[in-house]
Amino acid sequence: MGKSDFLSPKAIANRIKSKGLQKLRWYCQMCQKQCRDENGFKCHCMSESHQRQLLLASENPQQFMDYFSEEFRNDFLELLRRRFGTKRVHNNIVYNEYISHREHIHMNATQWETLTDFTKWLGREGLCKVDETPKGWYIQYIDRDPETIRRQLELEKKKKQDLDDEEKTAKFIEEQVRRGLEGKEQETPVFTELSRENDEEKVTFNLNKGAGSSAGATSSKSSSLGPSALKTLGSAASVKRKEPSQSSAQSAKKKKKSALDEIMEIEEEKKRNARTDSWLQPGIIVKIITKKLGEKYHKKKGVVKEVIDRYTAVVKMIDSGDRLKLDQTHLETVIPAPGKRILVLNGGYRGNEGTLESINEKTFSATIVIETGPLKGRRVEGIQYEDISKLA
């Protein structure tokens, strides 16, 4: 085969090499040309086209830098929008995918020296939400498309309507409970002195243990007492016969659930099934479990002062007073001693405050008493350790 043959081994090898990424030190950004080795890059730098391009760039270097910076920013944001949407993602993951394209703009040709500087700039310009964690910088694209904004407004409006309905239902339940408590008159027992009008009269106590004994006592008394006493006993028996009928009616009422009880059960079942993957709440005490911050903070406790994007918290250490920004994967809940106040972080009673009653170490669960909301006073068993935490 000839030297310039398309199917020669050298030509095939050159095409395979040109497809992949080459070393950055042999890339000329001004000419946008990638050389395969040091000798090729040296020859390119001595070429007339490269010298001419350098003369053009020397006249207005800021213009070329602004152009490359704008191209880098647009391509980076376009990849972030198409590939990840509005998800929270590590900036290095997006950058590695961006530079995998052969014709990408290199960062050393832009106004940003490092990826961290570019990430901070995106946050300052309001193009992305950025936050720093022990794992590095995370970014989240802010979609400013009019159609997307309109859709988000509709979702927020619908969510607000659902919250309003829940608040109305909760207020309705509280009002019904209040009315029920007002309607009931609590009977208080009246205590009287044990006295007898005649000193010769005997004080007798009738302790009925069963139907047989009561029947025997009634027959013996009826034989010994006069007709007026028989009338009294008859009226007492009629009263006793009415009592079981009244008690059976009351038990039937208790068995039949009211509409209020059904509503409360439905709402409770909805809340019990609504679990989320985020549990951070301001005002709770947490413990740091990561070792990346050193022994100074490992296994130390702090108070959550602020929650950012549901998964990140600003924690103020109790011992030193330092403020740290940590992801929820590096924290765990703190279980207090029985009798202390806690906050429910997940599950059906999320957001309610309560008191820790007892701890079951075998099942890693606890028993609490709710102290806020329409379910105030309810005793809940089987709450997992990770669903509650001590209040500051």
Side-chain angles (χ1 to χ4, degrees), residues 80 84 86-99 107 112-124 128-141 275-338 340-347 350-351 353 356 359-366 368 382-392:
L80 179 62
F84 301 99
T86 55
K87 294 180 180 177
R88 180 174 175 265
V89 63
H90 201 284
N91 61 351
N92 207 29
I93 296 176
V94 185
Y95 182 71
N96 286 334
E97 189 163 340
Y98 171 74
I99 63 175
M107 183 170 284
W112 305 287
E113 294 182 0
T114 61
L115 181 60
T116 301
D117 294 340
F118 177 63
T119 304
K120 292 179 180 179
W121 182 85
L122 289 176
R124 287 195 300 269
C128 296
K129 292 180 181 178
V130 300
D131 60 291
E132 186 181 9
T133 66
K135 295 181 180 179
W137 285 87
Y138 282 82
I139 59 177
Q140 184 178 359
Y141 180 71
R275 293 186 64 86
T276 59
D277 55 350
S278 60
W279 54 267
L280 291 173
Q281 294 287 344
I284 63 173
I285 297 178
V286 293
K287 184 187 291 184
I288 299 176
I289 57 175
T290 181
K291 295 182 179 179
K292 294 182 179 180
L293 302 177
E295 294 296 330
K296 179 180 178 182
Y297 299 112
H298 183 54
K299 295 292 183 181
K300 300 296 182 182
K301 297 179 182 178
V303 181
V304 176
K305 293 296 183 181
E306 183 183 357
V307 178
I308 304 171
D309 296 334
R310 297 173 57 194
Y311 302 98
T312 309
V314 177
V315 181
K316 183 178 180 181
M317 305 306 298
I318 297 177
D319 296 339
S320 59
D322 299 339
R323 298 175 75 93
L324 305 176
K325 193 175 183 181
L326 300 169
D327 192 81
Q328 71 173 11
T329 56
H330 298 151
L331 302 170
E332 70 175 6
T333 59
V334 175
I335 306 300
K340 299 293 184 179
R341 292 178 59 81
I342 53 93
L343 179 69
V344 183
L345 308 176
N346 215 335
R350 178 186 176 95
E353 296 181 7
L356 182 64
I359 298 173
N360 190 344
E361 297 181 355
K362 293 182 179 179
T363 60
F364 301 101
S365 62
I368 64 172
I383 298 290
Q384 298 299 316
Y385 285 170
E386 59 269 18
D387 291 346
I388 59 173
S389 188
K390 182 180 179 181
L391 276 172

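The figures here come from the full heavy-atom set of this structure, side chains too, leaving out hydrogens, waters and symmetry mates. Keep in mind it's a predicted model, so treat the numbers as computed, not measured.
- Proximity of a side-chain donor or acceptor of D309 to a complementary backbone N or O of Y311 within less than 3.5 Å is not detected.
- To the nearest 0.5 Å, the span separating OG1 on T133 from OH on Y138 amounts to 5.0 Å.
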Check the pair W279, T333 against side chain to side chain contact (heavy atoms under 4.5 Å, CB included), reporting the backbone distance first and the verdict last.
CA-CA 9 Å; W279 54 267; T333 59; 3.9 Å; yes

Exercise. For I388 and L343, run side chain to side chain contact (heavy atoms under 4.5 Å, CB included): C-alpha distance rounded to whole Å, both residues' side-chain angles, the deciding distance at 0.1 Å, then the answer.
Key: CA-CA 6 Å; I388 59 173; L343 179 69; over 6 Å; no

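- Residues E386 and N346 fail the side-chain proximity criterion, which asks for heavy atoms closer than 4.5 Å.
- I289 CD1 to K299 NZ: the interatomic distance, rounded to the nearest 0.5 Å, is 7.0 Å.
- Taking both residues in full, the closest heavy atoms of L356 and P336 are given as CD2-O, 3.1 Å, listed atom of the first, atom of the second, then distance.
- Listed here is the closest heavy atom pair of L326 and P134: CD2-CG, 4.1 Å.
- Checked by atom type and distance alone, the side chain of H90 pairs as donor or acceptor with a backbone atom of K135 at under 3.5 Å.
- Side-chain N/O atoms of T119 and N91 include a donor and acceptor closer than 3.5 Å.
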query: I318 and I285: side chain to side chain contact (heavy atoms under 4.5 Å, CB included), yes or no, with the steps?
result: CA-CA 9 Å; I318 297 177; I285 297 178; 4.3 Å; yes

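- When only modelled atom types and interatomic distance are considered, Y297 and D322 share a side-chain donor-acceptor pair under 3.5 Å.
- Rounding to the nearest 0.5 Å places CZ of R310 at 11.0 Å from OG1 of T312.
- Separation of atoms CG (L293) and CE (M317) is listed at 9.0 Å; rounding is to 0.5 Å.
- Remark: the T276 side chain and the R350 side chain contain an N/O donor-acceptor pair separated by less than 3.5 Å.
- A distance-only check finds a donor-acceptor pair linking the side chain of Q328 to the backbone of D277 [under 3.5 Å].
- Taken from CZ in R341 to CD in E353, the straight-line distance is 4.5 Å, to the nearest 0.5 Å.
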Assess the residue pair I383 and I342 against the criterion (side chain to side chain contact (heavy atoms under 4.5 Å, CB included)); give the C-alpha distance rounded to whole Å, side-chain angles, the decisive distance to 0.1 Å, and a yes or no. CA-CA 12 Å; I383 298 290; I342 53 93; over 6 Å; no

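- Nearest heavy atom pair, residue A313 against residue V304, reads CB-CG1, 3.9 Å.
- Scanning both residues, G321 and K316, for their nearest heavy atoms gives O-CG, 3.9 Å.
- Between the side chains of T114 and D117, at least one donor-acceptor pair of N or O atoms lies under 3.5 Å.
- Residues L80 and V89 have side chains in contact (heavy-atom distance under 4.5 Å, counting atoms from C-beta outward).
- A pairwise comparison of heavy atoms in D131 and R88 identifies OD2-NH2, 2.9 Å as the closest pair.
- Side-chain contact check for Y385 versus I359: some heavy-atom pair is nearer than 4.5 Å.
- The distance from the CD atom of Q140 to the OG1 atom of T86 is 6.0 Å, given to the nearest 0.5 Å.
- Of all non-hydrogen atoms in K325 and I308, the two that sit nearest each other are CE-CD1, 3.6 Å.
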